[in-house]
Amino acid sequence: MLSTSYWVPTAAMAFPTFPDHCFFRYDHHHRNDHKDLRRWRIRTTAAAYPLFSNQIQLTKDSSSRHKLYQEAIKTSRDKFTREISFQSKDKDISLAKALLYVAAEDEAFMSFNREMDACSILNERRNVSSPSEAIDWDSLEKMPLGGKTIPEWLSELDAIAKEVEAELVSRDIGCHLVEVLEAVNLVLFESRGLTRSPVLVDSKHSYLHSVLSSRCGSAILLSIIYIEVCRRLGLTIVGSRVGEDFLIWPQTGYPEELFKVTSGHSLFAIVNGRCVEDPRSMASDLTGTSLLGLEIATNRDIIGIALANLIRLHWKRASRSNHGLMLTSPLRHVNDASEKPNMMDKSNVPLLRPQDLRLAIMASERLLILQPHNWALRRDHGMMLYYNREYGKAVQELSICMAFAPEEEAEILEPFVEKLHLMRLESSWKSLGHTGRLTVP
């Protein structure tokens, strides 16, 4: 009879449950023998080494948090898609809800990455305890977003509207349009202290909840807050892109009234601030007549502008170490006969910051839901996938783009897509264990 003995670690001998020697017979092959041995080893080691037991619990907690963040990412995207669904009437779309779902998805994604980093550190340094904060939420509506939940941020906009109402009551005046807008401006820009960020370098200036919290944001985010507050007051505000600015004004059948100067300012200037009086701005040339010629942005258009800003912001952050890198630069190189060598190589793809690149791709995915036939947007989305080395997905997106793009643009894309397809085949070839290189003509 064959037998072997396993010594119990010295630290475990203090536990009377286990004898000094444990014998395991190998002449009987039961199905669960190895499972029992593994369970015994885990129990013995956990008892002998409390830190190991803590790591097991941390691993379980991390796994639970991973699932919560993944579910939050999926739920946020689903709710965003339903909010801007083309089956819904545009006027019923909530700008605030849609953009809070955008923020929630991005925050859940970044939190998931932080958890993965923490787990990697824990695995690499077994002797280091890495406690993580406990999660006390189990649904998207309860997930904290800058210290508040999505319902609480919506309530924050309600509270701002109530402050405007209180300001009007204190003045003991009626609801004349000029007085209402002056009260909105007073609460937003004086009491609350909201200011416009001159340059978009910080992501917190491009998310609705962080703008409400930090009181500094992009022009489009401030316009959205203005629109949402006025909507709660029963006042419809519309807007349009004019040059580099996004201008808003109260909906009225007599636009010339917006340009009448009272108290030194026109109503149009009261709403849009100094850009109307800045001679460098295209807004300074607007009149009641030219205002009628502007295309009013829909709620979907406004959300699209906010998403386009996010794409630009995250791409700029992702390509920080490659100053001046353009999404379309590889297209120019492939089609330029003077370039040597006239081919693409995976080693030539610049390294970008992965988290920021993924955030740009996520913003692009949402914008494509709004504008599925926008060939330029789909081209840019495909190029970001190329930079992220997702060659299969890049080929798919760029091939779809070619179906919508003008003929001259499709001719530029075609050789790039062909060579990108060969790069994908080469990756598949190497993954099967083959050596050598597929040549690109």
Side-chain angles (χ1 to χ4, degrees), residues 91 95-96 157 159-200 205 208 211-212 215-299 301-302 305-306 309:
K91 66 180 180 62
L95 298 174
L157 291 169
I160 295 174
K162 291 186 181 301
E163 289 179 28
V164 176
E165 291 176 346
E167 174 63 25
L168 291 171
V169 170
S170 67
R171 296 185 182 190
D172 192 24
I173 58 175
C175 293
H176 190 275
L177 183 58
V178 176
E179 296 290 347
V180 173
L181 293 176
E182 286 182 347
V184 172
N185 279 22
L186 179 67
V187 171
L188 285 180
F189 304 117
E190 295 188 30
S191 299
R192 292 272 178 160
L194 292 179
T195 58
R196 176 177 173 176
S197 173
V199 182
L200 289 180
H205 297 155
L208 182 58
V211 173
L212 288 169
R215 303 182 179 184
C216 182
S218 64
I220 188 65
L221 264 295
L222 294 183
S223 296
I224 288 170
I225 292 172
Y226 206 106
I227 292 170
E228 284 288 321
V229 170
C230 287
R231 185 177 66 81
R232 286 161 170 76
L233 297 170
L235 179 60
T236 300
I237 299 291
V238 296
S240 179
R241 188 195 288 273
V242 179
E244 296 296 322
D245 297 307
F246 185 81
L247 305 177
I248 56 176
W249 63 91
Q251 191 175 44
T252 174
Y254 305 96
E256 60 274 7
E257 292 185 356
L258 300 175
F259 294 88
K260 291 181 179 178
V261 177
T262 57
S263 303
H265 296 283
S266 68
L267 188 59
F268 198 63
I270 290 175
V271 174
N272 292 289
R274 297 176 182 174
C275 67
V276 175
E277 300 169 350
D278 186 349
R280 297 169 298 178
S281 171
M282 293 179 63
S284 63
D285 296 327
L286 286 175
T287 63
T289 302
S290 59
L291 195 66
L292 289 173
L294 295 179
E295 183 177 356
I296 303 300
T298 65
N299 284 332
D301 292 336
I302 294 172
I305 294 171
N309 285 350

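Note that the coordinates shown come from a computational prediction; the quantities given were computed from them, not determined experimentally. For reference, positions follow the sequence shown, starting with 1.
- In this structure, the separation between CH2 on Trp249 and CG on Leu286 is 8.0 Å, given to the nearest 0.5 Å.
- The distance from atom CG of Leu168 to atom CG of Leu233, rounded to the nearest 0.5 Å, is 7.5 Å.
- Here the CG-CG distance, from Leu186 to Leu181, works out to 12.5 Å after rounding to the nearest 0.5 Å.
- Residues passing the side chain to side chain donor-acceptor pair (under 3.5 Å) test with Glu163, sequence neighbours excluded: Arg192.
- Here the side chains of Pro250 and Val180 are not in contact, with every heavy-atom distance at 4.5 Å or above.
- Between the Thr195 side chain and the Cys216 main chain, no donor and acceptor come within less than 3.5 Å of each other.
- Contact between Glu295 and Ser240 at its shortest, heavy atoms only, is O-OG, 2.9 Å.
- Under 4.0 Å is where a charged nitrogen must lie from a carboxylate oxygen, and between Lys260 and Glu256 no such pair does.
- The side chain to side chain contact (heavy atoms under 4.5 Å, CB included) search around Ser281 returns Asp245, Cys275, Asp278, Ala283, not counting sequence neighbours.
- Interatomic distance, SG of Cys230 versus CD1 of Ile160, reported as 11.0 Å (0.5 Å rounding).
- In this structure, the side chains of Leu177 and Leu235 come closer than 4.5 Å at one or more pairs of heavy atoms.
- In this structure, Asn185 contributes its side chain and Glu182 its backbone to no donor-acceptor pair below 3.5 Å.
- Taking the side chain to side chain contact (heavy atoms under 4.5 Å, CB included) definition, one finds that Thr236 meets it with Val238, Gln251, sequence neighbours left out.
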Next item on the list: Start with the C-alpha distance between Leu222 and Leu188, add both sets of side-chain angles, then the distance that settles side chain to side chain contact (heavy atoms under 4.5 Å, CB included), and finish with yes or no.
Entry: CA-CA 9 Å; Leu222 294 183; Leu188 285 180; over 6 Å; no
Next item on the list: Output, in order, the C-alpha distance, side-chain angles, deciding distance and verdict of side chain to side chain contact (heavy atoms under 4.5 Å, CB included) for Leu247 and Leu291.
Entry: CA-CA 10 Å; Leu247 305 177; Leu291 195 66; over 6 Å; no
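- One finds the NZ atom of Lys91 at 11.0 Å from the CZ atom of Arg231 (value rounded to the nearest 0.5 Å).
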Next item on the list: Assess whether side chain to side chain contact (heavy atoms under 4.5 Å, CB included) is satisfied between Leu221 and His205, documenting all intermediate values.
Entry: CA-CA 8 Å; Leu221 264 295; His205 297 155; over 6 Å; no
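- Using a distance-only test at 3.5 Å, with no hydrogens or angles considered, a donor-acceptor pair links the side chain of Thr287 to the main chain of Ser290.
- No more than 12 heavy atoms of other residues, nucleotides or ligands sit less than 6.0 Å from atom CZ of Arg241.
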Check: What's the verdict on side chain to side chain contact (heavy atoms under 4.5 Å, CB included) for Leu95 and Glu228, showing C-alpha distance, side-chain angles and the deciding distance?
Finding: CA-CA 7 Å; Leu95 298 174; Glu228 284 288 321; 3.5 Å; yes
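- Here CD1 of Ile305 is found 5.0 Å from CZ of Phe246. Values are rounded to the nearest 0.5 Å.
- In this structure the side chain of Val271 never reaches within 4.5 angstrom of the side chain of Leu258, judged on heavy atoms.
- Among all heavy-atom pairs drawn from Ala297 and Ile302, the shortest one is CB-CG1, 4.0 Å.
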